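What follows is a set of notes on a single structure, which appears directly below.
Since this is a predicted model, take the numbers as computed values, not measurements.
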Amino acid sequence: MCTVTVVAPRFRRAAGSAREHSPLLRLVCNRDERRTRPAATPPIVITAGPRSALAPIDPQSGGTWIGVNDSGLIATLLNANPSPGIPASAPRSRGELVPLALAESSISEALTSLHSIDPAAYPPFSLFIAARGESAVLTSDSRTLRISSRAPLGRPLMLTSSSLGDHMVEPRRRRLFESIVARADDPSAAQDRFHTHTWPTRPHLSVLMSRPDARTVSRTVIELWDHSASLDYSPIPEDASTPLVTTRSALPLKRARVAG
C-alpha cells in the first residue's frame with residue numbers, strides 16, 4: 001500500500017531559470033502499512049550486487065520498498081490489490097525485489113534481471129524504476145510479469161495502491177493529483193502538498209491515509225542530481241501534533257549519466 005509521485009522539476013523550467021537549484025528527478029513515496037507491522041529502520045547504505053544503495057529496511061522481511069543506487073537508479077515497490085481482501089499468499093517477500101533492481105546500473109539491466117524471477121514466488125506487485133529522463137513499471141499478478149509502461153519522464157506521474165482494492169483509491173487520488181501537481185508551476189511544492197493531503201470525511205481513501213487497521217507510516221523523498229542522489233526519510237507519528245523528524249542521507253554517483 002503506497003502512493004508514489006514523480007516530477008522532473010528541472011525539465012519543466014524555462015532556460016536560465018535557476019536550473020542548478022532543481023533536481024533532475026524528484027520522487028515522493030507515502031508508505032501505508034498495517035498498524036501492527038514493526039516500524040522500519042532509517043535508511044542505511046546497503047550493498048546490492050556491485051552497487052551501493054540508500055534504502056530504509058523493513059525488519060519483518062529484511063528487505064525494502066524503496067531505494068536509490070550509486071548509478072542514479074531509483075526503485076520503489078507497490079503492492080497490487082486488484083480486489084479487496086487478503087493479498088495472495090506466496091513464499092517470498094516482495095521486499096526482495098527493490099534490492100534486485102538496485103543491483104543494476106540501468107533500467108534495461110534491471111528489467112532483464114527481474115524477468116528472471118518466478119512471479120509465483122511473490123504476491124502481486126508493481127515495481128517502479130526510474131533514472132534520468134526515463135521510467136518503467138514492471139507488474140506481476142503472480143502468474144506473469146509484464147512491463148506495463150516504459151516512457152520518458154516528461155509530465156508528472158502517480159502510482160497508488162490500497163488493500164481496500166486499488167480501484168477504490170486510484171480514481172480519487174488521480175483526480176486530486178491532476179488538480180494539485182500535474183499543472184503546477186512549482187511541481188516540488190505541489191508534490192509535498194499532495195502527499196500531506198487528507199479528506200476529513202474520507203481518511204481511508206486519502207493520500208495521507210488512516211483507518212482502524214492501517215495508516216500512512218512514513219514518507220520518503222528521493223532527489224536525483226547531476227552527481228549525487230539524496231534520500232529523506234520521515235516516519236509519520238500517529239499524533240499529528242508530534243513534530244516530523246527526517247533522516248537525511250546522500251550518495252555520490254559513480255557515473256555522470258545513466259543510460260536507460
Side-chain angles (χ1 to χ4, degrees), residues 1-8 25-35 37 65-66 74-88 90 94-95 97-98 101 119 122-130 134-184 187-188 190-222 236:
M1 301 186 291
C2 288
T3 298
V4 174
T5 64
V6 184
V7 300
L25 183 154
R26 188 174 192 262
L27 179 147
V28 182
C29 172
N30 277 17
R31 186 192 188 204
D32 308 332
E33 269 299 346
R34 296 192 176 276
R35 294 176 182 270
R37 195 177 185 99
W65 67 98
I66 191 168
I74 298 169
T76 187
L77 180 76
L78 296 89
N79 297 351
N81 306 281
S83 60
I86 300 172
R94 289 172 285 208
L97 299 171
V98 166
Y122 301 91
F125 66 83
S126 293
L127 183 65
F128 175 80
I129 310 169
E134 187 182 7
S135 68
V137 180
L138 180 70
T139 62
S140 169
D141 58 5
S142 294
R143 296 185 297 273
T144 58
L145 295 168
R146 182 171 67 93
I147 300 173
S148 62
S149 68
R150 184 169 183 181
L153 277 172
R155 65 190 305 274
L157 63 85
M158 183 205 76
L159 299 92
T160 194
S161 69
S162 170
S163 60
L164 296 175
D166 296 347
H167 67 286
M168 289 287 293
V169 300
E170 206 280 343
R172 295 170 173 85
R173 293 176 184 174
R174 183 159 302 281
R175 286 193 293 270
L176 180 70
F177 176 77
E178 292 291 332
S179 68
I180 293 179
V181 182
R183 292 175 289 276
S188 298
Q191 204 177 14
D192 290 338
R193 289 196 301 275
F194 174 77
H195 279 271
T196 57
H197 187 278
T198 298
W199 287 296
T201 60
R202 294 179 292 172
H204 60 300
L205 302 177
S206 296
V207 179
L208 182 63
M209 60 82 65
S210 178
R211 61 179 201 246
D213 63 329
R215 69 182 187 91
T216 302
V217 297
S218 67
R219 182 171 304 113
T220 304
V221 179
I222 295 177
I236 297 177

Between I236 and R215, the two heavy atoms sitting closest are O-NH1, 2.7 Å
Using a 4.5 Å cut-off on heavy atoms from C-beta on, say whether the side chain of M168 contacts that of R173.
no
Side-chain heavy-atom pair P119, S142 within 4.5 angstrom cut-off:
no
Find out whether V98 and T76 are in side-chain contact, i.e. whether some heavy atom of one side chain is under 4.5 Å from a heavy atom of the other.
no
Taking every non-hydrogen atom, the tightest pair across G95 and L77:
N-CD2, 4.3 Å
May I ask you to check whether S163 and R211 show a side-chain donor-acceptor distance below 3.5 Å?
yes
Side-chain contact test, heavy atoms from C-beta onward, threshold under 4.5 Å: evaluate it for I74 versus L25 and give yes or no.
yes
Any luck finding a side-chain donor-acceptor pair between S161 and N79 under 3.5 Å?
no
Considering non-hydrogen atoms only, spot the tightest contact between V28 and R26 and give its length.
CG2-NH1, 3.7 Å
Would you call R94 and P123 a side-chain contact if the rule is heavy atoms closer than 4.5 Å?
yes
Say whether T160 and R172, considering side chains only, have a donor N or O and an acceptor N or O under 3.5 Å apart.
no
Check this for me: does any side-chain nitrogen of one of R183 and E178 sit under 4.0 Å from a carboxylate oxygen of the other?
yes
Would you find a donor on one side and an acceptor on the other, under 3.5 Å apart, between the side chain of S162 and the backbone of L164?
yes
Are E33 and R31 within salt-bridge range, i.e. N to O under 4.0 Å?
yes
Counting C-beta onward and ignoring hydrogens, is there a side-chain heavy-atom pair between S218 and W65 closer than 4.5 Å?
yes
Spacing of CG belonging to D166 relative to CG belonging to L78, to within rounding of 0.5 Å:
8.5 Å
Heavy atoms of V181 and P187 approach each other most closely as CG1-O, 4.4 Å
Would you please test H195 and L208 for side chain to side chain contact (heavy atoms under 4.5 Å, CB included) and show each step?
CA-CA 6 Å; H195 279 271; L208 182 63; over 6 Å; no
Would you indicate whether the side-chain heavy atoms of T3 and V207 approach each other to under 4.5 Å?
yes
Could you measure the distance from the CD1 atom of I129 to the OG atom of S135? Nearest 0.5 Å is fine.
9.5 Å
Can you give me the closest heavy-atom contact between T196 and D192, atom names plus distance?
OG1-O, 3.1 Å
If you round to the nearest 0.5 Å, how far is SG of C29 from CD1 of I222?
8.5 Å
Side-chain heavy atoms of M158 within contact of R174, under 4.5 Å
yes
I'd like to know if the side chain of S210 and the backbone of P203 have a donor-acceptor N/O pair within less than 3.5 Å.
no
Going from CZ on R193 to CD1 on I180, what distance comes out if it is rounded to the nearest 0.5 angstrom?
7.0 Å
Distance col, row F125:CZ vs N81:CG, nearest 0.5 angstrom, shows 13.5 Å
Set out, in order, the CA-CA distance, both residues' side-chain angles and the distance that settles side chain to side chain contact (heavy atoms under 4.5 Å, CB included) for L138 and R146, then state yes or no.
CA-CA 6 Å; L138 180 70; R146 182 171 67 93; 5.9 Å; no
OH of Y122 to CG of L145, rounded to nearest 0.5 Å, is 10.0 Å
Quick one: does T144's side chain have a donor or acceptor within less than 3.5 Å of a partner on S140's backbone?
no
